[in-house]
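The analysis underlying the following values was restricted to heavy atoms, covering all of them including side chains, and did not include hydrogens, waters or symmetry mates.
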Amino acid sequence: MKLWSQYFIPTLKESPADAEIASHKLLVRAGLVRKLSGGLYTYMPLGQRVMRKITQICREEMDRAGGIELWMPHLHPAENWQNGPRWAATREIMFRADTAGNGKRLSSEPEFVLGPTHEEVITPLIKAELNSYRDLPKNFYQIATKFRNEIRPRYGLMRAREFVMMDAYSFDADEQGAIKSYECMKAAYVAFFKRLGVLAIPVEADTGVMGGDYSHEFMVPAEIGDDDIIYDESSGYAANREKATSGLVPKDLADAAPCGAIEEFATPGVTTINALSKDPYNVAPDAQFKTLVYIGDGKPFLVILRGSDELEEAKLGSLGFGVVRPATLEEIVPLLGAKPGSLGAVRGSIKGEGALAGVFADQAIRLIGNGVTGANRDGFHLRNVNVTRDLAITKFGDYRRVRAGEPCPISGQPLKSRRGIEVGHVFVLGTKYSEKFNAVYTDDAKQSHLMVMGCYGIGISRTMQAIIEQSHDGDGIIWPWNTAPFQVIVTCLDQQDSAAMEMARKLATAAESAGADVLIDDREERPGVKFKDADLIGIPLRLTVGGRGLKEGVIEMKWRTAKDVQKIPVAEAETLIAAAVREAAAKA
RNA sequence: CGGGGCGUAGCUUAGCCUGGUAGAGCGCCUGGUUUGGGACCAGGAGGUCGGGAGUUCGAAUCUCUCCGCCCCGACCA
């Protein structure tokens, strides 16, 4: 039980100027956080209470799923990362942590870094500590601070430079075991988000720089989310757009027969799909081959798409390169012999064909059959280009960005799309890290094997904000029962009146005994201020005690989500309140 | 890192274009009247106008520069 007058909840009437979205504004207005600097926030007492609740629920669900809690350093020797598989790719988002002294000891390479995640710490640890198949499987987790020098911190806690994350790492004897661990964690996530009272949907996801075999993200649907979820309710298909596929290309599609010899034709000044689709050429975008040039680990390669399609860059990850980027004009011209706008991948027309690391064609170009592409000669295109006969394709794959409205790969129904906030992620990592750090175990036949790993993350601080984004109205936050900083607020309107205060304490005690965290608003404020603040900070159940009600022999009970106020007789108040608290807790 | 915007009291901001005594609301302090959905009256404290340089008799205002913050793109829990 806390008295507001002796606690610290600095609420604001006005939204801070630097907050754009509802949840960010409310975080600040309700006194949950204060900004120190871009992407750095202090959790104020109320915010810290919510963080503690989310953390505790997370801990309980991880423990239930067989997780073993530990705590690793936040300061990592850079060596661990240099020895790992992704130093080049991740160092850009890592903070270096050297002496803040006069620079004498500052070397060009960092000595220490602040941990953005912990694979590079736990894998060497496990290598040293676990050696036998008898030790496996194991799943370790921690709930702690992570540091990422995000390219662009955004929306308060949504993408911060310092944030709280639950990170877990599973170690299994084989792939099958790893998948089992993965499924177990996925189920634990579902249970966790359900207990929080937040809707978080698991969707198929790209593995990104983490590497690994397959993964799901947990998404809180929200307009302001950074990710597009492609889904179909009828089949249950749901995937991050980066990973999504569609049933656009029928599985049994036959290769189109050639329709004549390739002809070159002049297209002076035409360098875009759009221009070629207009008079006098009139080649529809979905009859054009689009040729893109990329550099993977220093080697150039081509990607062919339909003119009407967009490349989904994340899908290039499946090609196995470490670092992938678009080629520059200076790289393209000597390689293909023409500038972008006149590029093509017709066999024999590519000047530097031998230098290519491959020509990767999106499946959907098979729908074109015979089409138009650049001649690798500025101002010229080729027509009657046949996919199978003419294009120098190394491999077909799925590289295009799926759009809403395309058929679901499972049901064939039109796919829908919505935005989401990624609050959790589960991966099967495979042996990427165990190989690099030589984390092996001995089996019952004395054979050595690499451990198969999984890794799992939940953005705890981001989840706090995602809950607010999902659950608020014009008056403020609407906390779900289990994450509310206090579940019950007793608003005493006559704090000077000892009878009223005594009643307030009695009700608070009743609610507390029934299992609720209770805040008593005993401030010297007018009733309007107290009601507004109670709504703003989003306490699920409000009990109002005032001289006027007491004279009638009633106190008032109001749910944050309800419009109506229930008047309950003083004599029954304690019982009814306890029952209401128990019921709410049971439902949550 | 590229593009755009902003920086004036603890918070929200006006003033800047067209240079001439820094203004309001909220919050805070004092006194009074109030008291069921962000009260009212009177008085008060609080500002190196983000930092530096320049132009000018004179700069919050014009110029340059640095810094910080926010938004849009690629990245992430």
Side-chain angles (χ1 to χ4, degrees), chain A residues 10-21 24-25 28-29 31 34-40 58 89-90 92-94 116-117 143-168 189 200 205-210 215 217-220 224-227 240 242 313-314 317 323-326 420-427 455-466 475-476 491-497 523-536 542 544-550 552 556 558 565 567:
Chain A
T11 58
L12 299 173
K13 278 193 206 175
E14 279 169 306
S15 292
D18 58 10
E20 196 82 3
I21 63 167
H24 185 192
K25 289 177 184 171
V28 180
R29 284 192 58 208
R34 285 294 184 263
K35 184 167 79 177
L36 170 63
S37 175
L40 298 176
C58 183
T90 44
E92 295 310 321
I93 61 143
M94 292 170 70
T117 169
I143 301 173
T145 306
K146 295 284 176 283
F147 301 87
R148 291 185 194 173
N149 196 2
E150 288 292 346
I151 306 162
R152 184 151 89 87
R154 209 149 82 101
Y155 293 156
L157 301 181
M158 210 55 98
R159 196 192 302 166
R161 294 198 285 185
E162 182 182 319
F163 60 97
V164 177
M165 177 164 125
M166 187 293 300
D167 50 320
Y189 274 38
D206 183 63
T207 53
V209 73
M210 278 291 182
S215 80
E217 287 167 343
F218 282 72
M219 295 284 194
V220 172
I224 55 93
D226 277 343
D227 295 277
N240 190 310
E242 293 181 345
E313 265 193 45
V323 180
V324 170
R325 62 168 173 88
I421 302 163
E422 182 187 348
V423 287
H425 208 153
V426 289
F427 296 86
C455 78
Y456 317 89
I458 291 175
I460 301 287
S461 41
R462 178 184 282 182
T463 296
M464 172 162 80
Q465 186 169 350
D475 293 319
T491 302
C492 184
L493 300 183
D494 298 284
Q495 62 284 340
Q496 300 288 8
D497 175 354
R523 293 175 300 167
E524 294 294 334
E525 291 288 354
R526 296 161 59 83
V529 173
K530 295 187 178 187
F531 293 141
K532 286 284 186 193
D533 270 346
D535 287 347
L536 177 62
R542 188 183 80 205
T544 306
V545 180
R548 184 200 286 181
L550 285 184
E552 295 172 33
E556 289 160 29
K558 183 186 174 297
V565 175
K567 296 199 173 188

query = What pairs with A:Val565 under side-chain contact (heavy atoms from CB on, under 4.5 Å), at least two apart in sequence or on another chain?
reply = A:Glu556, A:Lys558
4.5 Å side-chain heavy-atom contact, A:Arg542 and A:Lys530 = no
inquiry  = Between B:G20 and B:A59, how many Å separate the two P atoms, rounded to a whole number?
reply    = 11 Å
key: A:Arg159: side-chain contact (heavy atoms from CB on, under 4.5 Å) partners, not counting sequence neighbours   = A:Glu150, A:Arg152, A:Arg154, A:Asp226, A:Arg462
request  = Output the single nucleotide from B:C72, B:U12, B:C69 whose closest atom is nearest the side chain of A:Tyr155.
outcome  = B:C72
query = Under 4.0 angstrom, heavy atoms only, what part of the nucleic acid is A:Ala160 near: base, sugar-phosphate, or nothing?
reply = base
inquiry  = Nearest heavy atom decides the nucleotide; on that basis, is A:Arg462 or A:Ala17 closer to the 5' end of RNA chain B?
reply    = A:Ala17
request  = Quick one: label A:Met464 by what it contacts on the DNA or RNA (base, sugar-phosphate, nothing), any heavy atom closer than 4.0 Å.
outcome  = nothing
5' precedence on RNA chain B between A:Ala19 and A:Ile460 (nearest-nucleotide basis) = A:Ala19
ask   = Can you tell if the side chain of A:Phe147 reaches within under 4.5 Å of the side chain of A:Met94, non-hydrogen atoms only?
value = no
Dump every N/O contact between nucleotides 29-33 of chain B and the protein below 3.5 Å, one line per pair.
none

task = Round to the nearest Å and state the distance from A:Asp18 atom CG to B:G5 atom C1'.
result = 14 Å
message = Distance check, C1' atoms only: B:G23 and B:U63, in whole angstrom units.
response = 27 Å
note = In whole angstroms, the gap separating C1' of B:C76 from NZ of A:Lys146 amounts to 14 Å
query = Roughly how many Å is it from CG in A:Asn149 to P in B:C1, rounded to a whole number?
reply = 10 Å
key: Set of residues satisfying ring pair (Phe, Tyr, Trp, His ring centres under 6.0 Å) with respect to A:Tyr189, sequence neighbours excluded   = A:Phe218
task = Find the distance A:His24:NE2 to B:C69:P and express it as a whole number of Å.
result = 13 Å
inquiry  = Is any side-chain heavy atom of A:Thr463 closer than 4.5 Å to one of A:Ile458?
reply    = yes
query = If you look at every strand shown and take non-hydrogen atoms under 4.0 Å, does A:Pro16 touch a base, only sugar-phosphate, or nothing?
reply = sugar-phosphate
message = If the condition is side-chain contact (heavy atoms from CB on, under 4.5 Å), which residues does A:Lys35 pass it with, not counting sequence neighbours?
response = A:Asp18, A:Tyr41
message = Which residues pass the salt bridge (charged side-chain N to carboxylate O under 4.0 Å, His left out) test with A:Lys146, not counting sequence neighbours?
response = A:Asp167
query = Backbone N or O of A:Asn149 within a donor-acceptor pair of the A:Arg161 side chain at under 3.5 Å?
reply = no
query = Atom CG of A:Asp226 and atom P of B:G73: how far apart are they, to the nearest Å?
reply = 8 Å
task = Would you indicate, yes or no, if B:G68 has its OP1 or OP2 atom less than 4.0 angstrom from a side-chain nitrogen or oxygen of A:Ser37?
result = no
ask   = Who are the side chain to side chain donor-acceptor pair (under 3.5 Å) partners of A:Glu162, not counting sequence neighbours?
value = none
query = Between atom CG of A:Asp497 and atom CG of A:Leu550, what is the distance when rounded to the nearest 0.5 Å?
reply = 7.0 Å
ask   = Are any non-hydrogen side-chain atoms of A:Thr491 and A:Val545 less than 4.5 angstrom apart?
value = no
Under 3.5 Å between N/O atoms: give me all the protein pairs with nucleotides 65-67 of chain B, atom names plus distance.
none

key: B/S/- contact track for nucleotides 36-42 of chain B, protein heavy atom under 4.0 Å   = BBBB---
Between the protein and nucleotides 2-4 of chain B, which nitrogen or oxygen pairs come in under 3.5 angstrom?
none

request  = Under 3.5 Å for both distances, Watson-Crick or G-U wobble, that's the pair rule; now give the dot-bracket for RNA chain B, with | marking pairs to another strand and [ ] for crossing ones.
outcome  = (((((((..((((......[..)))).((((((.....)))))).....(((((..]....))))))))))))....
inquiry  = Quick one, A:Glu20 and A:Ile224 - any side-chain contact, counting heavy atoms below 4.5 Å?
reply    = no
message = According to side-chain contact (heavy atoms from CB on, under 4.5 Å), who are the partners of A:Glu92, at least two apart in sequence or on a separate chain?
response = none
request  = Using the C1' atom on both, measure B:G58 against B:G3 and round to a whole Å.
outcome  = 37 Å
query = When we call it a touch if two heavy atoms are under 4.0 Å apart, what does A:Thr463 touch: a base, just sugar-phosphate, or nothing?
reply = nothing
query = C1' atom, B:C49 versus B:U21: distance in rounded Å?
reply = 15 Å
inquiry  = So A:Lys25 and A:Ile21, do their side chains get closer than 4.5 Å, heavy atoms only?
reply    = no
ask   = Looking only at atom types and distance, does a side-chain atom of A:Ser461 sit under 3.5 Å from a main-chain N or O of A:Val164, one as donor and one as acceptor?
value = yes
inquiry  = Between B:A22 and B:A9, how many Å separate the two C1' atoms, rounded to a whole number?
reply    = 11 Å
message = Counting the atoms with a prime plus P, OP1 and OP2 as sugar-phosphate, which does A:Asp227 contact under 4.0 Å by heavy atoms, base, sugar-phosphate, or nothing?
response = base
query = Whole Å only: how far is the CG atom of A:Asp167 from the P atom of B:A77?
reply = 11 Å
ask   = Taking atom P in both B:G32 and B:C70, what distance in whole Å separates the two?
value = 44 Å
inquiry  = Looking only at the side chains, is there a donor atom on one of A:Gln496 and A:Glu524 sitting less than 3.5 Å from an acceptor on the other?
reply    = yes
ask   = In Å, rounded to the nearest 0.5 Å, how long is the span from CD1 of A:Ile421 to CE of A:Met158?
value = 3.5 Å
Integer-rounded Å distance: B:C76 P and A:Ile458 CD1 = 19 Å
query = When the distance from CG of A:Asn240 to P of B:C75 is rounded to whole Å, what number comes out?
reply = 10 Å
query = Between B:C17 and B:G73, how far is it from one C1' atom to the other, in whole Å?
reply = 32 Å
request  = Could you measure between the two P atoms, the one in B:U13 and the one in B:G50, and give it in whole Å?
outcome  = 15 Å
